[in-house]
Amino acid sequence: MEVLVPIDGSECSFRALDFAIDFARRFEASLHVVHVSDSETDATDEILDRARERLDEAGVPDEPEVSTDVDLSFRPAERVGKDILALVEERGYDHVVMGHHGSGAVDRMMLGSAAHTVVEEETVAVTIVP
């Protein structure tokens with residue numbers, strides 16, 4: 001089983017990473033961590049370093065990556081969700097584990113939700129960690 005864990009630097013995304021590490025151990029799955037962004041910055045490096053540290057501590061062999069191939073025609077969170085779905089399709093992931101900020105309906109309507117976009121597609125099993 002191949003598990004994708006998109007992270008955005010938020011605490012809930014790192015809770016999702018911790019959950020995914022345990023999930024991967026229990027089900028003998030491969031784990032892959034990705035940060036979706038339209039550009040690489042110092043903040044991106046900090047997010048990847050933090051993820052790398054957690055993976056190293058857990059003894060999980062993965063090198064987090066940045067995906068900068070985002071479609072800018074969508075709302076910010078929706079385009080991240082679409083990029084995650086594109087990675088699922090391209091690489092054949094079986095499961096996605098991701099965090100969700102628990103934004104209200106107004107925030108979701110204005111900005112969208114990457115987690116909501118991924119869940120709505122129903123193309124892959126998704127675990128949402130609050």
Side-chain angles (χ1 to χ4, degrees):
M1 179 186 320
E2 299 284 327
V3 179
L4 177 63
V5 186
I7 57 172
D8 63 6
S10 67
E11 285 307 311
C12 67
S13 74
F14 282 101
R15 282 193 301 274
L17 176 56
D18 292 339
F19 177 91
I21 288 169
D22 186 49
F23 181 91
R25 277 196 191 125
R26 287 177 189 228
F27 296 100
E28 298 178 3
S30 297
L31 193 63
H32 187 75
V33 179
V34 66
H35 174 64
V36 178
S37 177
D38 54 359
S39 64
E40 290 190 49
T41 65
D42 289 341
T44 305
D45 292 339
E46 290 174 23
I47 291 167
L48 295 181
D49 287 344
R50 190 170 167 199
R52 199 173 291 113
E53 191 175 290
R54 288 193 181 193
L55 292 166
D56 288 346
E57 286 174 7
V60 175
D62 181 51
E63 180 59 32
E65 73 171 276
V66 177
S67 174
T68 56
D69 186 25
V70 296
D71 184 347
L72 299 177
S73 65
F74 293 104
R75 293 176 296 184
E78 187 178 359
R79 72 177 183 227
V80 169
K82 295 287 186 186
D83 194 50
I84 292 165
L85 290 167
L87 287 172
V88 166
E89 186 175 325
E90 285 172 22
R91 300 178 184 178
Y93 293 109
D94 303 294
H95 199 110
V96 176
V97 176
M98 59 191 303
H100 188 300
H101 299 279
S103 300
V106 173
D107 288 338
R108 206 169 29 252
M109 195 167 56
M110 298 279 294
L111 297 173
S113 165
H116 184 72
T117 300
V118 173
V119 169
E120 267 191 336
E121 278 299 309
E122 299 178 11
T123 58
V124 65
V126 181
T127 300
I128 303 296
V129 178

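Any value given below was found using the heavy atoms of this structure, including those in side chains, with hydrogens, waters and symmetry copies removed.
- The salt bridge (Lys or Arg N to Asp or Glu O under 4.0 Å) check on Asp18 picks up Arg54, with sequence neighbours excluded.
- Partners of Asp22 by side-chain hydrogen bond (donor to acceptor under 3.5 Å, both in side chains), not counting sequence neighbours, listed by chain and number: Arg26.
- Between Ile84 atom CD1 and Tyr93 atom OH the span is 11.5 Å, to the nearest 0.5 Å.
- Remark: side-chain polar atoms of Arg15 are not paired, donor with acceptor, to backbone N or O of Gly99 under 3.5 angstrom.
- Summarising the geometry of Val33 relative to Ala51, their closest heavy-atom pair is CG1-CB, 4.3 Å, with the distance given to 0.1 Å.
- Taking Arg52 as the reference, Asp49, Glu63 meet the salt bridge (Lys or Arg N to Asp or Glu O under 4.0 Å) condition, with sequence neighbours excluded.
- Partners of Ala16 according to the side-chain contact (heavy atoms from CB on, under 4.5 Å) rule, which considers only residues two or more places apart in sequence or in another chain, are Val97, Val129.
- With sequence neighbours excluded, the residues satisfying side-chain contact (heavy atoms from CB on, under 4.5 Å) with Ile47 are Ile7, Phe14, His35.
- Remark: Asp56 pairs with no residue by the side-chain hydrogen bond (donor to acceptor under 3.5 Å, both in side chains) rule, at least two apart or across chains.
- Leu87 and Leu4 make their closest contact through CB-CD2, 4.3 Å (heavy atoms, listed as atom of the first residue, atom of the second, distance).
- Listed here is the closest heavy atom pair of Pro6 and Ser13: O-CB, 4.4 Å.
- Listed by chain and number, the residues in a side-chain contact (heavy atoms from CB on, under 4.5 Å) with Glu46 amount to none (sequence neighbours excluded).
- For Asp94, the side-chain contact (heavy atoms from CB on, under 4.5 Å) partners two or more places apart in sequence, or in a different chain, are Met1, Glu2.
- Under the rule for a salt bridge (Lys or Arg N to Asp or Glu O under 4.0 Å), the partners of Glu121 that lie at least two apart in sequence or sit in another chain are Lys82.
- Closest of all the heavy-atom pairs between Val126 and Ile128 is CG1-CD1, 3.5 Å.
- Here Glu120 pairs with His116 under the side-chain hydrogen bond (donor to acceptor under 3.5 Å, both in side chains) rule; sequence neighbours left out.
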Requested in this report: Take Val96 and Thr127, measure what side chain to side chain contact (heavy atoms under 4.5 Å, CB included) needs, and give me the verdict at the end.
Outcome: CA-CA 6 Å; Val96 176; Thr127 300; over 6 Å; no
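- Among residues two or more places apart in sequence or in another chain, the salt bridge (Lys or Arg N to Asp or Glu O under 4.0 Å) test is passed with Arg50 by Glu11.
- With sequence neighbours excluded, the residues that form a ring-ring contact (aromatic ring centres under 6.0 Å, His included) with Phe23 are Phe27, His95.
- To the nearest 0.5 angstrom, Ile21 atom CD1 is 5.0 Å from Leu55 atom CG.
- No side-chain heavy atom of Val34 sits under 4.5 Å from any side-chain heavy atom of Val5.
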